[in-house]
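Here the structure comes first, spelled out in structure tokens, and everything after it is commentary.
In this text, all values refer to a predicted model and were calculated from it rather than measured experimentally.
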Amino acid sequence: MPAGRAFAAALSVAAAATPAFASGFALREASPGSVGRAFAGEGAIADTAATIWYNPAGMTQLEGFTATAGVHLLFVQSSQRDLGSTRTVPGLPAPVATGGGNGGNPFHPVVIVPTLYGSMQLTDRLWAGLGVNAPFGLVVDYDDGWFGRYDSSRSVVKTYNVQPSLAWKLDDRFSIGGGVSIQYIEADLQNALPNLSPLLADGAARVKGDDISLGWNIGGRFESGPVAVGLHYRSQVKHRLKGQFSVGGLLGPLSGSNGEQDARAPITLPDSLSASAVFTAGARTRLLAGWEWTNWSVFDAIRIQTVNGAPISTSPQNYKDSMSLHLGGEQDLSDRWTVRAGFATDSTPTVDAWRTSRVPDGDRAWLTAGASWKVSDSLEARFSYAHVFVTTEQLDREDDFYTGSPAAIASRLRSENRGNVDMIGADLTVRF
């Protein structure tokens, strides 16, 4: 087969298996101390500088200078069970078992997610702030030779978001705020490629790229008596990743596809809308709630292009919009100590017919707890813990290799994924 066609076919397969390229796994962990209340009411309570991310209008509740720095530690357990994965062999009438191990736990033993926010009151009505966090990210690395290797072997997606923000206090009850997101994304995605015979070692495909793009967000906060509410919208960020696609290890008639070329991939990270509320039920008790919609349906396909914009491959992904609900409560035990707890539900954007081992995700339910210690009037430490239950999901997807040639091969991944997450968070807030 012509080298160009084989190369494009291999690229098409890699694209079909890379929803993590667009960071289909969002990181909610933007405020470590707030894990304890399951992120409920974050756009309304505005008790730390993390409000810059959840709703910058909340900065008007922070006097003087406030800085909040923290870190999440995520302990992810994930396992795969082969339910009969197969591949075809040119010239054989029936597919054969793909074979291979179970891939192990593809997540790192500890996933670290840091955050940093700072807010400064400029006048009695104007505030400025800056936030730094990682809103999307994924590192999934399976053992060599696992049964799903033609779908994915390694996926690394990282984003870094810097958000300068302003907030304006219109009166004692209403504030508005907004910011600009300066967002960097990098991706490194790999999967195996089948050679003609299953007795031969696999080839490999790899795509790497990065980009910097801009987004924006705007929010409002209203307070009346014991009730405060917040509404916040965060825009899409339209990236155009630039990098290389490479193929290696193909043998015999497929060897002409080995090589590397520059490639581009326009990727849109979704916009979101959130609503938050906090009810002060007495001098020491607060009840919190939150809701968020994320427009994941904008991620309908992965489109790989040449540097001149000519299409190389288009692979449908068909993500669905997701929603989350957050409920929490806080109780001040004394002037120094506060305890909190929360519950949240969070639906996955992945769809059964298109789910991939690059994003071994399911619907999630959170149970959380935490505490705060006011060391002094200017220093507060918050600690939190969460256990995240992830629903068991099955994968049944077919990827085609070298389509339209005598070497055409189909790989069918049939598996079951189980997982859960334990999370520890801590942050420090300084005020002066």
- Donor-acceptor pair, N195 side chain versus A201 backbone, under 3.5 Å? yes

- Message: Using only atom types and a distance under 3.5 Å, with no angle test, would you say the side chain of T368 pairs donor to acceptor with the backbone of G36?
- Response: yes

- Message: Walk me through whether D332 and R286 qualify under salt bridge (Lys or Arg N to Asp or Glu O under 4.0 Å).
- Response: CA-CA 9 Å; D332 297 331; R286 292 167 295 281; 2.8 Å; yes

- Message: Rounded at 0.5 Å granularity, tell me how far CZ in F65 sits from CE in M120.
- Response: 5.5 Å

- Item | Rounded distance (nearest 0.5 Å) linking atom CZ of R221 with atom NZ of K169 | 9.5 Å

- Hey, what do you get for CZ (F343) to OG1 (T345), rounding to the nearest 0.5 Å? 6.0 Å

- Query: Are the side chain of T356 and the backbone of R358 linked by a donor-acceptor contact shorter than 3.5 Å?
  - Reply: yes

- P270 side chain reached by W293 side chain, heavy atoms, under 4.5 Å: no

- Query: Relative to W366, does R28 satisfy both conditions: NZ or CZ under 6.0 angstrom from the six-membered ring centre, and within 45 degrees of the ring's axis?
  - Reply: no

- Residue pair D202 / Y150, side-chain donor-acceptor N/O under 3.5 Å: yes

- Item | 4.5 Å side-chain heavy-atom contact, E330 and L288 | yes

- Between the main-chain N or O of R234 and the side-chain N or O of D271, is there a donor-acceptor pair closer than 3.5 Å? no

- Query: Within the side chain of T115, is there an N or O that forms a donor-acceptor pair under 3.5 Å with the backbone of N133?
  - Reply: no

- Message: Regarding D363 and T391, do their side chains bring together a donor and an acceptor under 3.5 Å, going by distance alone?
- Response: no

- Message: Donor-acceptor check, side chain of S175 to backbone of T60, threshold 3.5 angstrom: yes or no?
- Response: no

- Message: With heavy-atom distances below 4.5 Å as the criterion, would you say the side chains of R81 and T392 are in contact?
- Response: no

- Task: Hey, could you give me the CG/OG distance between L130 and S119, rounded to the nearest 0.5 Å?
- Result: 10.5 Å

- What's the verdict on side-chain hydrogen bond (donor to acceptor under 3.5 Å, both in side chains) for S152 and S357, showing C-alpha distance, side-chain angles and the deciding distance? CA-CA 6 Å; S152 70; S357 60; 2.7 Å; yes

- Start with the C-alpha gap between E42 and R37, add the side-chain angles, then the distance that decides, and say whether side-chain contact (heavy atoms from CB on, under 4.5 Å) holds. CA-CA 9 Å; E42 286 302 310; R37 57 191 179 216; 2.7 Å; yes

- From the options T159, D211, D210, select the one residue that forms a side-chain hydrogen bond (donor to acceptor under 3.5 Å, both in side chains) with H239. D211

- Message: Could you tell me if T429 and T48 have a donor-acceptor pair between their side chains, going purely by distance under 3.5 Å?
- Response: no

- Looking only at atom types and distance, does a side-chain atom of Q121 sit under 3.5 Å from a main-chain N or O of T123, one as donor and one as acceptor? yes

- Query: So, the side chain of R149 versus the backbone of T98: is there a donor-acceptor pair under 3.5 Å, distance only?
  - Reply: yes

- Starting from the C-alpha separation in whole Å, work towards a yes-or-no answer on side-chain contact (heavy atoms from CB on, under 4.5 Å) for S415 and D82. CA-CA 5 Å; S415 67; D82 192 358; 5.5 Å; no

